[in-house]
Structures are given as structure tokens and as C-alpha cells.
K.L.:
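Starting off with a structure, shown below.
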Amino acid sequence: MEKRYPLEKIRNIGIVAHIDAGKTTTTERVLYYTGRIHRIGEVHEGTATMDWMVQERERGITITSAATVCYWKDCEINIIDTPGHVDFTVEVERSLRVLDGCVVIFDAANGVEPQSETVWRQADKYQVPRLIFINKFDKVGADFHETISQIKKRLAAKPVIVQLPYGNESTFKGVIDIVNEKFYFWEIENEKEFKTLDVPEEYKEEVKKYREILIEQLTEIDDVMLEKYLHGQKIENTELMASIRKATLTCKYFPVFCGTSFKNKGVQPLLDGVVNFLPAPTDLESVKGFNPETKSPEERKHVPEESFAGYAFKIQTDPYVGRLVFVRIYSGILKSGSSVYNVRKNKVERISRLLRMHANNREEIKEGRAGDIVGVIGTKETITGDTICDRDHPIVFEQMHFPEPVVWIAVEPKTKADQEQLSYALNKLAEEDPTFKIKIDEETSQTIISGMGELHLEIIVDRLRREFNVDAKVGKPQVAYRETILKKVEVEGKYIKQSGGRGQYGHVWFEIEPHEGFEFVDKTKGGSIPHEYISPIEKGVKEAMESGPLIGYPLINMKVTLTDGSYHEVDSSEIAFKMAASMALQNGTKKADPVLLEPIMSVESVTPEDYIGDIMSELNARRGKISSIEHKNNLCYIKCSVPLSDMFGYATTIRSLSQGRASYTMEPLNYEKVPKNITEQLMPKTTS
């Protein structure tokens with residue numbers, strides 16, 4: 001019989017960071033010290049437990065978020081280890097959506113890196129309490145104070161320092177606990193056990209200073225602490241711990257821990273921090289949603305006694321069990337063999353089996369309760385972002401919003417026999433990954449796949465070959481351009497057909513104007529168009545926006561206002577109004593100064609100072625706009641924005657310019673107008 005932990009003893013956490021900051025290495029140590037595994041796997045050896053995909057082990061990076069469970073100090077900790085590479089940022093997004101807390105890891109030598117900022121903003125969006133773990137103190141250039149300064153400056157965050165590193169680089173031996181005023185000392189390299197000693201004499205003044213700062217910070221949110229502090233009363237360690245927990249749960253303060261996971265130092269105190277400071281489901285407010293029938297607000301308490309409600313946040317095609325849906329249970333109990341209601345699909349789904357996941361291993365369970373993260377087998381139609389609940393007490397939780405793909409390639413099967421299998425495999429992969437899109441080019445009949453970057457699509461193609469045995473020919477990566485308009489226009493759309501018997505009649509007037517995002521507004525008055533035709537009109541607009549007037553790229557950033565129109569008692573139909581709307585939009589956008597937009601990337605290149613001139617020249621040649629250059633530990637950090645179309649092949653170039661010593665990271669920033677000369681090059685050539 002599986003042991004049940006009370007809700008207040010459950011922690012649902014994620015481990016997030018920039019690529020190569022040590023997320024998977026830290027997770028391996030956590031699993032080892034909690035007894036979940038008995039031998040530590042290493043990323044660089046391709047043996048890490050959480051990097052279970054072949055592609056992850058070959059590249060030494062995390063691609064998909066892996067879930068596991070472990071136990072520490074009478075608590076159950078559900079952990080999701082997430083990718084750091086920006087191409088897989090959706091994995092972080094959907095994990096943070098369902099987690100109660102997370103550990104953000106920073107590299108002590110590199111400080112706050114670009115992807116660290118991205119994951120921090122994602123955690124801010126979902127108001128996730130965080131611990132900060134500054135890792136790699138054994139690394140050359142490790143700098144505690146500089147990293148703290150960057151956290152304050154770049155993230156606008158308030159770190160609460162609860163540990164100080166003892167030593168640095170090769171002399172790093174352990175951490176000093178400011179709350180308990182103890183020194184945790186790892187005597188032998190890679191030693192599992194550590195000694196708890198008194199604070200060394202040379203650190204006593206510093207500990208006293210930081211303890212004072214810690215108490216001052218906590219008085220801002222804790223009136224009892226303020227009272228004691230003002231009256232010079234002694235503050236007990238237990239009071240300090242309770243106050244740090246309170247501060248962490250507000251998301252205003254973030255406790256800072258230190259260590260080096262690779263050398264096994266600092267991980268156990270970090271685990272204590274997870275248990276002591278991060279929230280249990282009982283610490284959270286009720287989860288909010290709305291009733292799909294009445295549209296009125298609804299909420300669920302995080303308790304098993306409530307009616308069941310859960311959120312599907314990830315789909316995985318498992319080679320052994322088939323379609324596996326990861327579900328966070330927010331309230332009630334989910335039993336194996338039961339039926340649940342998928343609100344978005346308005347369908348009842350049957351749960352055939354429930355699993356508790358450990359990377360790609362699984363353990364069957366009879367039920368999951370509020371606070372659990374489980375794997376569900378049996379659902380046919382549930383996808384990422386769906387709410388599943390009790391049929392008699394429906395609720396819908398807010399859906400996630402995913403970024404649009406920025407790169408596309410054409411794929412085609414090598415043989416006719418592969419065509420069906422290719423289609424099946426691509427649909428399975430798209431089901432797993434909301435940022436991966438498929439479409440058929442109507443003119444060429446080619447299959448176009450699009451994603452978040454070159455690596456993203458490279459992994460997709462690799463998985464097609466290995467997991468689904470589909471050998472496909474792949475085109476070169478292309479940029480996912482967009483089109484928009486610059487001026488406001490009024491336009492009429494009419495669709496009238498008479499062909500004996502019943503005809504077709506649809507008539508609309510639109511105002512089309514530039515706008516942030518897309519918005520459709522109905523401003524018709526006096527029943528000029530019956531209400532049942534408004535939805536088909538909006539549908540016609542959206543379908544017409546899939547192909548812009550310049551080159552045929554999708555249209556974005558516009559507001560379409562339906563101002564007037566007319567209908568015919570007999571001949572009007574949904575299809576007629578949809579066609580009229582489509583024609584109006586196509587004609588209107590041609591007159592509204594259409595322009596081509598291209599994705600702009602935020603790029604950070606890190607290079608030894610010897611090569612800065614060559615790297616800067618290369619970025620300038622690629623239309624890069626440099627925003628800042630920072631110098632640290634004989635390295636230059638060059639931040640700039642560069643059009644994606646000019647970034648293809650940059651990885652090879654930067655390596656050859658720096659003898660393999662420079663690197664870069666890149667993430668989508670925004671869309672900007674394409675220069676006229678480049679637009680002309682991209683325009684289809686017309687033959688006279």
C-alpha cells in the first residue's frame with residue numbers, strides 16, 4: 001500500500017535555469033540524497049536519470065521536462081526538471097503553470113544569463129515562490145557578490161541571503177548558514193556526508209552583518225519581527241525560519257542558497273530549504289476558474305474533499321503505454337477506472353490507468369489526490385491546457401498562451417509508403433508540443449513544419465527518424481515572416497450568388513486598422529446583421545488573415561470592426577457571410593499599406609576579449625543592433641538584437657572566429673518591419 005503524505009507535507013517544485021547552469025546535475029544529486037537513485041548519473045557522460053531521451057543524452061542538454069517524486073524529512077517532493085534552451089521554453093512555461101514553487105539555479109561565474117531572465121519572468125507571471133541556488137562555486141570566476149548584484153539589478157528581485165559560501169573556486173569547502181549560525185563543511189571531495197561546525201572565527205563578523213540585514217528585510221513584511229527588532233528583543237531561529245517562509249510565499253523575497261552540485265556540496269541544505277520555505281498546496285489560495293455554462297467565477301480549494309478538478313499540462317507519447325497525459329490535480333480525488341469531463345471538448349473521457357512518474361519509468365497507482373501530479377492513460381482527446389473535472393461540478397481553468405513559431409522547414413517522405421506514417425508521426429509530435437505547428441502548402445502540397453528555432457526542428461526530425469521510423473527529406477530552415485498594415489481603411493465585402501433555387505447573400509462593412517494583437521469588434525446596430533452570422537463573419541476574417549496581401553504570410557496586429565451590412569431573409573447563410581468577410585478583409589488589407597515583418601532575436605554572445613573585434617564585425621554584418629557590452633573575468637558579454645533571417649549559420653561562424661571558445665544564446669524578442677530592399681528580394685518574381 002502506497003504511503004499517503006498529508007497535504008501540508010507535499011511540495012510540487014520545478015528546477016529552472018539558463019542552459020548549462022546545472023539543473024539536471026542538481027536534480028541527480030537530489031534524487032541520490034533522497035534515496036530515489038543509488039548511483040549518480042552525469043549529464044556529460046549521458047547517464048543522467050532525468051535526461052532520458054536519446055537526443056538529450058547525445059547533446060548533454062535537457063529537451064523535455066521530466067517529472068519525478070522523492071522524499072525528504074517526512075515530506076513528499078514532486079520535481080519537474082525543465083530545459084534551459086530557449087527553443088524549449090514552452091516546457092518551462094507549462095511546468096510553472098502547475099507548480100507551487102521552484103528552485104532557480106544561477107551559475108556563480110556567469111551570474112544572471114539571458115534564459116535566467118526569461119524563466120524568472122515566466123515565474124513572475126504565474127506568481128511562483130522561488131528559492132535561489134547559486135551553483136558552481138568551484139568554477140574559476142565564481143563571484144557571490146556579483147551574482148547577488150545582478151539578481152537585484154537585472155531581475156529587480158529582492159534576494160534574502162540565508163547562506164554564504166565558504167571559500168571560492170578551488171578553495172570552496174562548504175556553506176555558512178546565517179539563520180542557524182553554523183558551518184556545513186564537506187571535508188572530502190565528492191563526499192556524501194558533511195560536518196556541522198561552528199562558524200569559523202574569520203566569518204563571524206560577516207555572519208553577524210548578514211543576519212542583521214536579513215532581520216531588517218523581514219521586518220518589512222512581519223509586524224511581530226518588527227516589534228521585537230525595535231525593542232531590541234532576541235529573535236529565535238524558529239521565528240526567523242517562519243518569517244523567511246512567510247516572505248518567500250509572498251513572492252517578494254527569495255532565499256539564497258550556495259553550493260556546487262557537481263562536487264556534491266550544498267544540495268542537502270537546499271533540500272531543507274525546499275521543505276522549510278516553499279509552499280505546500282495548503283499554503284496556496286483556492287485555484288480560480290469559471291463555470292463553462294454560467295460563465296460565473298468558480299474556485300476550488302486544494303483539498304481531497306472538494307469535487308475533482310485537474311489541469312492537463314503535458315502530453316507525451318510513451319513507447320510502452322502510448323498516450324500519456326500529465327495532470328496536476330488541484331482538488332478532489334482522481335481514481336483509476338473513473339470517468340472525467342473534458343470541458344473544452346464537452347466530452348467524457350475514461351481514465352484506464354494512473355501512473356506516478358520517475359523520468360521515463362512509471363509506477364501504477366490506484367488514485368491521485370489534490371496536490372498530486374500524475375500520469376493519466378486512456379484519454380483520447382485531452383490536450384495541453386485542458387481542464388478535466390467532475391461532470392456535475394464543471395469548472396474551466398485559465399488556458400496557457402504559447403509563442404508563435406519563428407522558423408519553418410519543408411519535410412516530405414522519401415517514399416510513398418512513408419506518407420501516412422509521416423502524417424501520423426507529425427500529428428503525435430504536435431499533440432505533445434503546442435509550439436510545433438504543421439500545415440500543408442496549398443500551392444506546392446508540401447508539408448511545412450514550424451517551431452521555435454533550428455534546434456527545435458532538428459530534434460523533431462531526429463525523433464521522426466528514431467521513434468517513428470520515418471525517413472524524411474528536409475528542406476533548409478526558413479524564417480516565419482508575418483504581414484501587417486500601417487493605416488486605417490473602410491471596406492465593403494459582398495458575396496451574392498444566384499443560381500436558380502436558393503441563392504447566397506452576405507454583405508458586410510469593416511473598419512480595419514493597426515492594433516497590438518488581434519481584435520474583432522461587432523458595432524452593428526438595429527439588427528442590420530442577425531446575431532447568428534457574427535461568429536461566421538469573425539471566422540471568415542481569421543481565415544483570410546492566414547494569408548496576407550504581399551507574399552501570403554499570416555497577418556498580425558490588426559483590429560477589425562464590423563460597422564454595418566445587410567442580409568436577405570431567404571438567401572443569407574453562414575457561408576455567405578463568411579465569404580463576404582473574407583473578401584472584405586483581403587481587399588481592405590491591400591489598401592491599408594501592408595508591410596512585411598520579420599522576427600527579431602535577442603542575442604547574447606560570450607567571447608574571450610581577444611576575439612571581440614571579429615565577433616562585433618560579424619554581428620554588424622548580420623544587421624545586429626548592439627545594446628550593451630559587459631566585461632567580466634576576461635570575457636565579453638555582447639547583447640544585441642538581430643533579425644532571425646541573418647542568424648542562420650551563426651553557430652559555426654562564431655566557433656571558427658574564436659577557435660571554438662565563444663558561444664551565444666538567442667531568444668525571440670519581437671517583430672519589426674523588414675527593410676524595403678529585403679522585402680523586394682522576397683517578393684515573388686512575376687514573369688511578363
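Just the heavy atoms: all of them, side chains too, but no hydrogens, waters or symmetry mates, feed the values below. Keep in mind it's a predicted model, so treat the numbers as computed, not measured.
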K.L.:
Would Phe133 and Phe106 count as a close aromatic pair, with their ring centres under 6.0 Å?
P.N.:
no

K.L.:
Can you pull the ring-ring contact (aromatic ring centres under 6.0 Å, His included) pairs that have at least one residue in residues 463-483, sequence neighbours excluded?
P.N.:
Tyr481-Tyr553

K.L.:
The criterion is ring pair (Phe, Tyr, Trp, His ring centres under 6.0 Å); which residues satisfy it with Tyr637, sequence neighbours excluded?
P.N.:
none

K.L.:
Taking NZ, NE, NH1 and NH2 as the nitrogens, is one of them in Glu398 or Lys125 under 4.0 Å from a carboxylate oxygen of the other?
P.N.:
no

K.L.:
Please find the pair of heavy atoms, one from Pro292 and one from Val396, that lie closest to each other, and give the distance.
P.N.:
CB-CG2, 3.9 Å

K.L.:
Do you know which two heavy atoms are closest between Asp418 and Pro413, and how far apart they sit?
P.N.:
CB-CB, 3.5 Å

K.L.:
Filter on side chain to side chain donor-acceptor pair (under 3.5 Å), then keep only pairs touching residues 376-385, sequence neighbours left out; what's left?
P.N.:
Arg94-Thr384, Arg323-Thr379, Asn342-Thr382, Lys347-Glu381, Glu349-Thr382

K.L.:
Between Arg622 and Thr653, does any side-chain donor sit less than 3.5 Å from a side-chain acceptor?
P.N.:
yes

K.L.:
Please report the shortest heavy-atom distance between Val674 and Leu597, naming the atom on each side.
P.N.:
CG2-C, 3.7 Å

K.L.:
Is the shortest side-chain N to carboxylate O distance from Arg463 to Glu458 below 4.0 Å?
P.N.:
no

K.L.:
Considering the options Asn12, Val128, Ile79, Val119, which one meets the side chain to side chain contact (heavy atoms under 4.5 Å, CB included) requirement together with Cys102?
P.N.:
Val128

K.L.:
Is there side-chain contact between Pro643 and Met601, with heavy atoms separated by less than 4.5 Å?
P.N.:
no

K.L.:
Phe397 and Tyr330: aromatic ring centres closer than 6.0 Å?
P.N.:
yes

K.L.:
For the residue pair Ile449 and Val461, what are the closest heavy atoms and their distance?
P.N.:
CD1-CG2, 4.5 Å

K.L.:
Ignoring hydrogens, what is the shortest heavy-atom contact between Leu619 and Val642? Give both atom names and the distance.
P.N.:
CD2-CG2, 4.3 Å

K.L.:
Under the criterion salt bridge (charged side-chain N to carboxylate O under 4.0 Å, His left out), I'd like the reasoning laid out for Glu630 against Lys639: C-alpha separation, chi angles, the key distance, then a yes or no.
P.N.:
CA-CA 9 Å; Glu630 288 181 22; Lys639 279 193 171 181; 5.8 Å; no

K.L.:
Atom CD of Glu546 and atom NZ of Lys439: how far apart are they, to the nearest 0.5 Å?
P.N.:
7.5 Å

K.L.:
Less than 6.0 angstrom from the centroid, inside 45 degrees of the normal: does Arg130 satisfy that with respect to the ring of Trp120?
P.N.:
yes

